[in-house]
Amino acid sequence: MAQDLIDILIRQWKTERPDLNVEPMGVVGRVLRLATRLERRVSETLKPYGLTVGGFDILATLRRTGNPQGLTPTELMEAVMLSSGAMTNRIDRLEEQGLVERRPSPSDRRSLQVLLTAEGRKVVDEAVADRLDEAEGALCGLKAEERDQLADLLRAMLQGLND
């Protein structure tokens, strides 16, 4: 397999600082570079829909839960791992775009529910199809068995870093 930038960085550090264990950079460095490239691809895929990755995450969460009553901002916040302020800003933007609406909760007058509008549902249904096509394209260099193995390894790594 051809060498990449991470191989070069590792070799340079081994030369300059042989006292350091630079081997973890083989995985961590590549995961970080991969994350940047993947996020760029996803952003480009969502751009025609007027969506950011964060906005799409909220719409997709509302859509995939299938709850016709919607979700509270707190439930959305937990599902997409955002702070309260960031969630409010994203919901505000999506509401301005006519993709979500806030309604009083039927069970708690102090709470709001966030629901997809008809337009929001249409947009997310179209965007998710393109998003999944993009994800499939990102994995084109891997066989099915390799994809499964990589998913297992990344899951284990994430679980090990459980913050």
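Along the sequence shown, residues are numbered consecutively beginning with 1.
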Can you pull out every side-chain hydrogen bond (donor to acceptor under 3.5 Å, both in side chains) where at least one residue sits in residues 33-42? Sequence neighbours excluded, please. Arg41-Glu134
Could you please spell out the steps behind the side-chain contact (heavy atoms from CB on, under 4.5 Å) verdict for Leu94 and Leu51? CA-CA 9 Å; Leu94 292 169; Leu51 296 174; 4.1 Å; yes
Is there side-chain contact between [X] and [Y], with at least one heavy-atom pair below 4.5 Å?
| X | Y | result |
| --- | --- | --- |
| Arg103 | Leu112 | no |
| Lys143 | Gln149 | no |
| Glu75 | Thr65 | no |
| Val123 | Gln97 | no |
| Ile58 | Met87 | yes |

May I have the list of side-chain donor-acceptor pairs in residues 114-121 shorter than 3.5 Å, sequence neighbours left out?
unit_1: Thr117; atom_1: OG1; unit_2: Gly98; atom_2: O; d: 2.6
unit_1: Thr117; atom_1: OG1; unit_2: Leu99; atom_2: O; d: 3.2
unit_1: Thr117; atom_1: OG1; unit_2: Glu119; atom_2: N; d: 3.4
unit_1: Thr117; atom_1: OG1; unit_2: Gly120; atom_2: N; d: 2.9

Exercise: identify the closest heavy-atom pair between [X] and [Y]:
| X | Y | value |
| --- | --- | --- |
| Leu46 | Val53 | CD1-CA, 3.9 Å |
| Val100 | Leu59 | CG1-CD2, 3.6 Å |
| Gly55 | Thr52 | N-OG1, 2.9 Å |

In chain order, what residues pass the side-chain contact (heavy atoms from CB on, under 4.5 Å) check against Ala60, with sequence neighbours excluded? Phe56, Arg64, Val124
Who pairs with Gln3 by side-chain contact (heavy atoms from CB on, under 4.5 Å), at least two apart in sequence or on another chain? Asp7, Arg11
Quick one: does any side-chain atom of Arg90 pair with a main-chain N or O of Ala86 as donor and acceptor, under 3.5 Å? no
May I ask you to decide if Leu139's main-chain N or O and Arg147's side chain share a donor-acceptor pair within less than 3.5 Å? yes
So Asp92 and Arg102, side-chain contact (heavy atoms from CB on, under 4.5 Å) or not? Walk me through it. CA-CA 9 Å; Asp92 287 347; Arg102 291 176 172 107; 2.8 Å; yes
Can you get from Leu132 to Tyr49 by hopping between Ile, Leu, Val, Met, Phe, Trp and Tyr side chains that sit under 4.5 Å apart? yes
When clusters are formed by joining ILVMFWY residues with side-chain heavy atoms under 4.5 Å apart, either directly or through shared neighbours, do Val28 and Leu34 land in the same one? no
Lys/Arg-Asp/Glu bridge criterion (N-O < 4.0 Å) met for Lys47, Glu44: yes
Looking at Arg155 and Asp152, is there a salt bridge between them, counting it only when a charged N and a carboxylate O are closer than 4.0 Å? yes
Under the salt bridge (charged side-chain N to carboxylate O under 4.0 Å, His left out) rule, collect the residues that match up with Glu78, sequence neighbours excluded. none
Could you give the distance from CG (Leu71) to CG (Leu62), rounded to the nearest 0.5 Å? 5.5 Å
If you link I, L, V, M, F, W and Y whenever their side-chain heavy atoms are under 4.5 Å apart, who else ends up in the same group as Leu9? Leu5, Ile6, Ile10, Trp13, Leu20, Val22, Met25
